[in-house]
Amino acid sequence: MKTVTSFRRGNRQLITEQMEYAFRDIEKKWQEFWEKNQTYRVEDQTDKPKYYVLDMFPYPSGAGLHVGHPLGYIASDIFSRYKRMKGYNVLHPMGFDSFGLPAEQYAIQTGQHPAITTEQNINRYIEQLKNVGFSFDWSREVRTSNPDYYKWTQWIFMQLFNHYYDKDADKALPVSSLTEAFSKGGSKAVNAVCDEDVPTFTAEEWNAKSETEQYEITLKYRLTYLADAVVNWCPALGTVLANDEVKDGVSERGGYPVEKKLMRQWMMRITAYANRLIDGLETIDWSESIKEQQRNWIGRSYGASVKFQVEGKAQTIEVFTTRVDTIYGVSFMVIAPEHELVPGLTTPEQKEAVEEYVNATKRRSDLDRMMEVKKVSGVFTGSYVINPFNEEKVPIYLADYVLAGYGTGAVMGVPSGDQRDWNFASHFGLPIVPILDAQRGIEEQADATKEGAYINSGIINGMGYKEATATLTAWLEERGLGKGKINYRMRDAVFSRQRYWGEPVPVYFKNGLPYLLDENDLPLELPAVDKYLPTESGEPPLGRAADWKYKGEYEYELSTMPGWAGSSWYWFRYMDPKNENELASKEAIQYWKGVDLYVGGSEHATGHLLYSRFWNKFLKDIGVAEQEEFAKKLVNQGMIQGRSNFVYRVKESNPVTFVSAGLKNQYEVTPLHVDVNIVDQDVLDIEKFKSSRNDVPSDAVFILEDGKYVCGWEVEKMSKSKFNVVNPDDIVEKYGADTLRLYEMFLGPLTDSKPWNTNGISGTFNFLRKLWRLFYEDQTGKYLVTEDQPTAEELKVLHKAIKKVGEDIEVLSFNTSVPAFMVLANELTTLKCHKKAILSDFVRILAPFAPHISEELWAALGNEAGTVTTQSFPEFNASYLVENSFEYPVQINGKVRTTLTFPADANPKEIEAEVLANETVIKWLEGKTPKKVVVVPKRIVNVVI
RNA sequence: ACGGACGUGGCGGAAUUGGUAGACGUGCUAGACUUAGGAUCUAGUGUCGCGAGGCGUGGGGGUUCGAGUCCCCCCGUCCGUACCA
């Protein structure tokens with residue numbers, strides 16, 4: 001067995017082989033032990049308090065894990081192991097978000113079924129994960145692409161279809177209560193979230209409708225529904241693309257043009273939950289930045305909608321405003337260039353100018369529009385609206401600062417109260433009317449104040465802001481010209497994908513209307529297809545399935561669900577992963593409730609994390625979930641960046657010449673990425689470099705410094721193309737999993753992004769070897785541990801570490817606990833302490849971080865094998881840390897000049913007297929009398945002259 | 001352009017939350033043991049200065065006996081975004 005002794009050569013290898021920290025043997029042994037003994041298997045039936053630690057499960061890509069992926073898993077694993085030692089029953093599962101585009105893309109290219117590729121990738125992932133020694137309960141593993149899993153994704157879809165959102169109850173209710181209300185009181189008996197175009201009807205009219213007509217009406221209320229939505233359609237690929245697959249108007253893969261197209265899509269009525277999604281943020285311990293992103297994404301604003309009559313026409317233009325109180329200050333109206341009313345409003349004289357403007361807008365990218373905020377542009381349509389309050393004519397303009405997709409696509413311009421409107425009015429010479437007596441300097445810029453009393457404002461003259469808003473809103477509502485309104489930026493979510501590798505939607509069509517499958521027919525499994533491409537007629541890949549009909553006669557829905565479907569409820573499945581009758585049993589959900597700590601990347605801020613909250617709230621409404629929010633606490637681990645190495649090729653050199661980084665300024669060079677795995681401490685392995693690349697001729701010349709070729713470096717994203725990917729398997733092979741775990745934590749705060757630099761790893765490796773030497777003598781391998789009583793000093797250093805590590809784990813500050821271990825090992829080495837009483841506790845506090853070596857040493861101390869996992873975490877005893885004296889830094893005018901030791905309980909008066917009598921202090925006083933002496937007990941003394 | 005996070009030695013980072021800045025690790029220098037060293041041990045390592053000492057946490061100002069930490073202005077990096085009415 002080759003072990004760490006590969007560091008050594010010669011005879012001594014034979015002698016020292018068993019003595020040194022043989023991490024490979026140790027880690028393999030304990031991983032096998034854990035597997036065989038099901039050490040991490042979690043039981044649901046226990047008296048212990050529960051704790052649920054969840055990692056965002058990965059998509060199993062073909063590239064495997066790199067060293068950045070395990071960061072969050074290691075952190076959550078440490079926390080899970082710690083919680084177990086603190087007496088909790090900890091659920092800490094892992095699974096795979098295994099539907100996704102890369103597998104499908106691969107299938108298109110190779111014809112291989114995505115299930116096969118996915119399975120292979122998952123196996124590779126599991127192998128890599130097991131290598132790191134995580135305490136996952138693998139018996140609970142889930143895969144979203146397994147039919148026994150997606151059966152329940154489909155089941156949730158069916159529940160969404162069978163429910164509508166009742167605004168009065170403020171929750172989802174079954175469609176049966178909707179139809180019941182209709183039959184009793186007509187459409188006005190119901191206050192529900194629905195499509196814009198729902199008809200009004202009486203109970204009699206409802207009851208007179210045919211079953212089909214009634215069904216069609218309910219489709220406008222259900223929480224999942226069909227609608228025409230704008231999608232990114234790529235004709236060349238024959239498919240719809242997600243936003244992040246489109247770059248600069250062309251497909252990311254292949255660079256084919258992408259167009260906006262209206263398509264019939266399944267939608268999720270997430271907007272029904274907008275309020276609860278915002279309000280719920282107050283109740284969860286998530287980072288402020290994620291909460292802020294979700295708030296912005298949902299974009300709730302309170303205001304009013306107002307209808308303006310177009311002069312001389314029957315049309316009205318509706319605007320949304322958050323400042324209806326400023327309505328008497330309106331001097332123009334602006335509508336988006338894309339607004340559907342533009343052609344109708346344009347007068348013949350203005351036609352040319354308007355068309356030119358509309359075309360110019362189309363050419364500008366969103367980014368351009370964002371960057372040129374200060375530049376005012378716009379064009380007059382020639383038409384006017386009438387301000388309903390003062391009957392004044394208001395010109396209608398087009399301007400690209402108004403967006404068609406937000407609110408109504410039209411805004412009222414109030415130059416005195418809004419800077420953007422002010423800029424616009426100034427540019428076009430429109431009136432700037434003051435509306436509040438508290439507005440100041442509106443000749444120079446807008447003043448958005450809400451203070452003071454209204455002027456020039458008809459029915460609200462003299463009023464304050466609150467009263468004015470209420471008065472105006474009431475006035476509008478009485479006349480049917482407007483109403484108080486809450487506006488959201490968020491739209492309902494498109495739920496269809498014209499793809500193969502996703503959950504089939506459990507719907508069939510009869511006479512053009514969608515109907516759910518019978519629940520007994522779930523799961524609706526993915527049918528076999530000959531190719532993973534759209535059909536010739538442009539249907540999604542499922543259209544290729546032969547004889548794929550519901551009950552042999554009805555067409556199935558051919559689109560599949562999006563990537564986020566399976567991940568929006570997976571935390572429930574871990575609670576009861578094998579259940580065939582429910583997504584998870586009532587008992588399991590009642591016991592585990594929800595996630596206590598969720599660890600994952602912040603890139604899912606508005607996707608996965610918002611959809612999951614939405615589905616969880618829905619599942620709560622229908623009595624499946626126990627809690628309104630699925631994850632109490634969320635921690636976003638930072639990204640691990642790559643650290644790239646470079647070699648410098650001298651331009652036009654013959655033979656090809658590379659110059660070491662320190663000398664490169666003397667030449668004209670081209671920097672080239674070089675694989676970081678053949679570089680050690682920035683020194684290039686020239687032989688490996690030559691043999692690994694075919695663009696390096698064997699006669700290449702290397703200009704060295706100090707006999708070495710030193711590479712340059714830069715921090716970049718970790719990616720294959722930059723040759724800076726580090727595979728955890730390689731690190732485990734060379735240093736062991738425990739070293740990897742410690743080093744990843746040691747790198748820096750969990751939530752910061754930081755570059756991976758293999759250079760530093762020997763520090764944590766050496767620490768473990770040092771720990772090993774507290775147990776076994778170097779060279780001889782003699783067991784050193786004694787039963788002696790620990791000294792006060794030894795107990796002090798131990799308990800300092802127990803305190804520090806315990807506190808650090810609670811706040812997930814793992815980067816600071818690793819140094820605490822190192823300090824402890826250093827101090828015990830200095831004290832030559834090999835006492836069992838001390839080392840036992842050391843091993844226990846280290847166990848969450850470095851489980852393999854801890855099991856090994858725990859057993860070496862004479863304990864039952866494999867039981868360090870179930871030990872209690874050592875209790876910190878403050879009495880060991882009590883000092884009877886304290887060394888005071890003594891400052892003169894804030895600068896430390898000396899230190900003096902006083903008894904811990906010395907009173908400030910005594911300290912002051914002794915300090916002033918001190919030689920060094922007297923010297924610095926230079927005969928002056930101190931103005932003031934500050935004595936902070938057990939902190940500091942400051943003498944102010 | 002706005003919002004959020006951040007800025008400390010050659011590098012990764014610590015700092016009891018207002019109290020000795022640079023813990024710990026890496027790297028580097030010198031030495032010991034050694035046939036050897038990517039092992040181990042010892043000493044040193046922010047910067048200027050022979051020294052006493054001065055300076056020092058992106059820059060400038062402020063509060064305080066005392067500021068890396070709190071406040072104001074500016075610069076820079078990263079992440080996010082929506083000219084949101």
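Each chain gets a letter, A, B and so on, in the order the sequences are listed, and its residues count up from 1. What you see is a predicted model; the values in this text were computed from it and never measured.
Regarding A:Tyr743, its OH atom lies at a distance of 6 Å from the C1' atom of B:G12, rounded to whole Å. Taking atom CD on A:Glu827 and atom P on B:A23, their separation rounds to 14 Å, with Å as the unit. As a whole-Å value, the separation of A:Lys485 NZ from B:C84 C1' is 13 Å. A straight line from CZ of A:Phe332 to C1' of B:A85 spans 11 Å, rounded to a whole angstrom. One interatomic measurement links the two molecules: CD of A:Gln293 to P of B:C78, which rounds to 17 Å at whole-angstrom precision.
As judged by a 4.0 angstrom heavy-atom cut-off over every strand, A:Ser762 is placed among residues touching the sugar-phosphate backbone only. At a threshold of 4.0 angstrom between heavy atoms, the contacts of A:Lys800 with the nucleic acid are absent. Looking at heavy-atom distances under 4.0 Å, A:Val944 makes contact with sugar-phosphate atoms alone, never a base. A:Val823 comes within contact range of the sugar-phosphate backbone alone, with a heavy-atom separation under 4.0 Å but no base atom that close. Among the protein residues, A:Arg897 comes within range of the sugar-phosphate backbone only, with heavy atoms under 4.0 Å from sugar or phosphate atoms but none that close to a base. Residue-level contact check: A:Lys895 touches the backbone only, with heavy atoms under 4.0 Å from sugar-phosphate atoms and none from bases.
Under the rule for a side chain to side chain contact (heavy atoms under 4.5 Å, CB included), the partners of A:Asn766 that lie at least two apart in sequence or sit in another chain are A:Ser762, A:Arg769.
Taking only side-chain atoms of A:Leu403, from C-beta outward, the nucleotide of B:C84, B:C65, B:C24 with the closest atom is B:C84. In the set B:C24, B:C83, B:U20, the nucleotide with an atom closest to the side chain of A:Gln891 is B:U20. Set against B:U40, B:G25, B:C83, the side chain of A:Arg769 has B:U40 as its closest nucleotide. Residue A:Phe320 has its side chain nearest to B:A85 when only B:G53, B:G27, B:A85 are considered. Taking every side-chain heavy atom of A:Lys754 into account, B:G13 is the closest of B:C65, B:G13, B:U40. Comparing B:A85, B:C65, B:C11 by their closest approach to the side chain of A:Trp713 singles out B:C11. Here the side chain of A:Asn296 is nearest to one of B:A14, B:A82, B:C65, namely B:A82. Considering only the side chain of A:Ser289, B:G4 comes nearest among B:G4, B:G27, B:G38. Distances were taken from every side-chain heavy atom of A:Thr899 (C-beta onward) to each of B:U20, B:U17, B:G25; the shortest belongs to B:U20. Among the nucleotides B:C55, B:A85, B:G12, the one closest to any side-chain atom of A:Arg420 is B:A85.
Put simply, CG on A:Asn487 and OG1 on A:Thr322 are 10.0 Å apart, with the number rounded to the nearest 0.5 Å. For the atom pair CG (A:Asn918) and CZ (A:Arg897), the distance works out to 13.5 Å, reported to the nearest 0.5 Å.
Proximity of A:Asn766 to the phosphate of B:U26: a side-chain N or O atom is located under 4.0 Å from OP1 or OP2. Within the 4.0 Å cut-off from OP1 or OP2 of B:C84, not a single side-chain nitrogen or oxygen of A:Arg491 is found. Phosphate contact (OP1/OP2 of B:A14, side-chain N/O of A:Asn815, threshold under 4.0 Å): present. In this model, the phosphate group of B:A82 is approached by a side-chain N or O of A:Arg489 to a distance below 4.0 Å at OP1 or OP2. Applying the 4.0 Å criterion to OP1 and OP2 of B:G25, one finds that A:Asn826 has a side-chain N or O inside that range.
Secondary structure note: stems in RNA chain B built from 3 or more consecutive Watson-Crick or G-U wobble pairs under 3.5 Å occupy B:1-7 with B:75-81, B:10-12 with B:24-26, B:27-32 with B:40-45, B:46-48 with B:53-55, B:58-62 with B:70-74.
With a glycosidic angle further than 90° from 0, B:G53 counts as anti. B:U45 shows a glycosidic angle more than 90° from 0 and is accordingly assigned anti.
When each of A:Gln641 and A:Asp680 is assigned the nucleotide of RNA chain B bearing its nearest heavy atom, the one mapping closer to the 5' terminus is A:Asp680. If you find the closest nucleotide of RNA chain B to A:Leu747 and to A:Gly407, the one lying nearer the 5' end belongs to A:Leu747.
Taking 3.5 Å as the limit, the base of B:C83 and the side chain of A:Asp400 contain a donor-acceptor pair of atoms between them.
No side-chain donor from either of A:Ser602 and A:Asn636 sits under 3.5 Å from a side-chain acceptor of the other.
Here the options are A:Phe842, A:Phe821, A:Phe767, the test is ring pair (Phe, Tyr, Trp, His ring centres under 6.0 Å), and the partner is A:Phe849; only A:Phe821 passes.
A cation-pi arrangement is present between A:Lys803 and A:Phe876, with the terminal nitrogen or guanidinium carbon under 6.0 Å from the aromatic centre and inside a 45° cone about the axis. Stacking of A:Lys450 on the aromatic ring of A:Tyr465 is recorded, both the 6.0 Å distance cut-off and the 45° axial limit being met. Annotation: cation-pi pair A:Arg489/A:Trp297 present, NZ/CZ under 6.0 Å from the ring centroid and within 45° of its normal.
Aromatic pair A:Tyr328/A:Phe389: ring centres closer than 6.0 Å.
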side-chain contact (heavy atoms from CB on, under 4.5 Å) assessment of A:Val679 paired with A:Asp685: CA-CA 6 Å; A:Val679 175; A:Asp685 185 327; over 6 Å; no

